[in-house]
Amino acid sequence: MLTEEELISIRRHLHQIPELALHEFETHKYLVATIAKFNQKFLTMRTPKELPTALMVLVHGQHPQRTIGYRTDIDALPVEEQTGLSYASTHPGVMHACGHDIHMTVALGVLNYFSEHQPQDNLLFFFQPAEESENGGKRAYELGLFSGEWCPDEFYGLHDNPDLPAGAIGCRMGTLFAGTTEVNIDFNGKGGHAAYPQDANDTVVAAASLILQVQTVISRSIDPIQSGVITLGKIDGGTIRNVIAGHTRIEGTIRGLTQTMIETIDQRLKDICAGISRSFNMDVNLELNQGGYWPVENNPELTKRFIQYMKKAPKVNFIETKPAMTGEDFGYLLAKFPGTMFWLGVDDNSQLHSATLTPNEAAIKQGVDAITGFLEYRMQ
Ligand SMILES: CC(=O)N[C@@H](CCC[C@H](N)C(=O)O)C(=O)O
């Protein structure tokens, strides 16, 4: 079984080689090389050619009655790391700022354990590309990767959580994470000289007006008892101070805990874009893409069993959590296969997606032990 020291060394290596969605080739190579060092007797490893950075590993059980899936995401974010760590990212502008390096390491630790202790049931480990964008989970499903013996009867997965103590397991019945819609808005006006606004059609001003109007959607159109979020995280327009910008683009994300909420916010955004287009007399092109980021709905029966185990396990610090506005394309997979998503505490002052995220590595071994224990209990 991998020691805590070995797990930390794996995590630090993964942390140094973060890659963006669908480009996780070095990560994939390292995962394959690491798993190749495990006992191979019960393992079948597969890289699907249709999704070449994905990796699936089947652990053949002794008397399988079911296949239990365990999923980890493997991609990183376009964030310039500012942790100052000796093992910081070596890929400029890319960082494991969402903790997927921790997720992968925990999955490797659990897989390593079962490669040495043959499980009763089959276990399917899915190292999934493209969680932050590009819908890796949905792609995998639609490509038919979960067919035949690669089809899980139930699926589990975790996300790290800086707000929980290191190693704590957090979960809840029902909705764990929000559904999200990716938003792209392109404003196409007429560029011109800064000194002659009357001859141009300024997309920066139109975008600014839209940004302010959007702030009223949640405050004025949504029942205050319900939850919704719109964040416009990126804006790009113009080239220089004295040229009026003929094109501006905004990228953002909508979140809601129910599909109805997401659709309500989507509709308000469509209305606002139509209004801005009319009032500024320019083309405003809105793209909404939900992809696979469906609300993460935990299966009642499996989640009840998961929570009961975690509450009773003597070494597990279990914390019942509230729904979160983070999104996850595991929501799509949980709509196709029953299962449970849960949090692993990593105790950090920095939030997910922050350039200074520094998860407490003590969480890794505790996570491996808690999940290994749960899977053994599940297979009894
Ligand atoms: C856990 C986490 O942070 N997930 C991401 C998922 C991104 C969803 C989608 N690409 C979007 O931006 O809406 C998150 O931002 O919550």
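Ligands are counted one by one from 1 in listed order, and the atoms in each one are counted from 1 as well.
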>> Checking a contact table here: which protein heavy atom is nearest atom 1 (C) of ligand 1, and how many Å away?
In response: H159 NE2, 3.2 Å

> Does M325 have a non-hydrogen atom less than 4.0 Å from ligand 1?
Replying inline: no

>> I need the minimum non-hydrogen distance between E328 and D73, along with the two atoms involved.
In response: OE2-OD2, 3.4 Å

>> Quick test: of every protein heavy atom, which one is nearest to atom 13 (O) of ligand 1, and how far off is it to 0.1 Å?
In response: T253 OG1, 2.7 Å

> Between E251 and R249, is there a side-chain N and carboxylate O pair less than 4.0 Å apart?
Replying inline: yes

> Under the side chain to side chain contact (heavy atoms under 4.5 Å, CB included) criterion, do L269 and Q267 qualify, and how do the steps go?
Replying inline: CA-CA 5 Å; L269 194 56; Q267 187 54 50; over 6 Å; no

> What's the shortest distance from atom 3 (O) of ligand 1 to any protein heavy atom, and which residue and atom give it?
Replying inline: H353 NE2, 2.9 Å

> Taking the inter-plane angle between the rings of H23 and F25 on a 0 to 90° scale, is it parallel (under 30°), tilted (30 to 60°) or perpendicular (over 60°)?
Replying inline: perpendicular

> Considering the options R139, K336, R71, which one meets the salt bridge (Lys or Arg N to Asp or Glu O under 4.0 Å) requirement together with D329?
Replying inline: R71

>> Counting non-hydrogen protein atoms only, what is the nearest one to atom 4 (N) of ligand 1? Give residue, atom name and distance.
In response: G327 O, 2.8 Å

> Quick one: which of E328, E132, R255 has a heavy atom closest to atom 15 (O) of ligand 1?
Replying inline: R255

>> Just to confirm my output: which protein heavy-atom neighbour is closest to atom 9 (C) of ligand 1, and how far is it?
In response: E182 OE2, 3.4 Å

> Applying the side-chain contact (heavy atoms from CB on, under 4.5 Å) test to D347, which of D163, N161, N360, T358 qualifies?
Replying inline: N360

